[in-house]
Amino acid sequence: MVKYYTLEERCKTLAEFLINNKATVRETAKKFGISKSTVHKDITEKLPNYNFALYTQAWNILQLNKSERHLRGGEATKKKYENKTSKI
């Protein structure tokens, strides 16, 4: 678990990771050992108060992930059933 000195520092670190890795909220939460709700709230509600330019970039990644989530879900389901049929 990563420790932070300020809320501002945590928000910026989460956003930078999200942007640099084009990560999802879940991936970011797992990396930093915090909940996905905390990641989402920090980026969407708190970050604009500290660094609006960084918030804009992070928001664009969040929107991209949102538009692609149905594809990721389909891939997960496909892998699940492929694993079930290969064990039989």
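In this structure, Tyr55 and Thr44 approach most closely via the heavy-atom pair CE1-O, 3.9 Å. Nearest approach of Lys22 to Asn65, heavy atoms of both residues: O-OD1, 4.4 Å. For the pair Ala58 and Ile43, the tightest heavy-atom approach, listed with the atom from each and the gap, is CB-CG2, 3.8 Å.
Expressed to the nearest 0.5 Å, how far NZ of Lys46 lies from CD of Glu8 amounts to 13.0 Å. Going from atom OG1 of Thr28 over to atom CG of Asp42 covers 11.0 Å, rounded to the nearest 0.5 Å. We find the CG-CD distance between Asn51 and Gln57 to be 8.5 Å, quoted to the nearest 0.5 Å. Atoms CD and CG, from Glu16 and Leu47 in turn, are 9.5 Å apart once rounded to the nearest 0.5 Å.
Using a 4.5 Å heavy-atom threshold, the side chains of Leu62 and Leu18 count as touching. Under the 4.5 Å side-chain criterion, counting only non-hydrogen atoms from C-beta, Asn21 is not in contact with Lys31. Contact check for Thr13 versus Phe32: side-chain heavy atoms found under the 4.5 Å cut-off.
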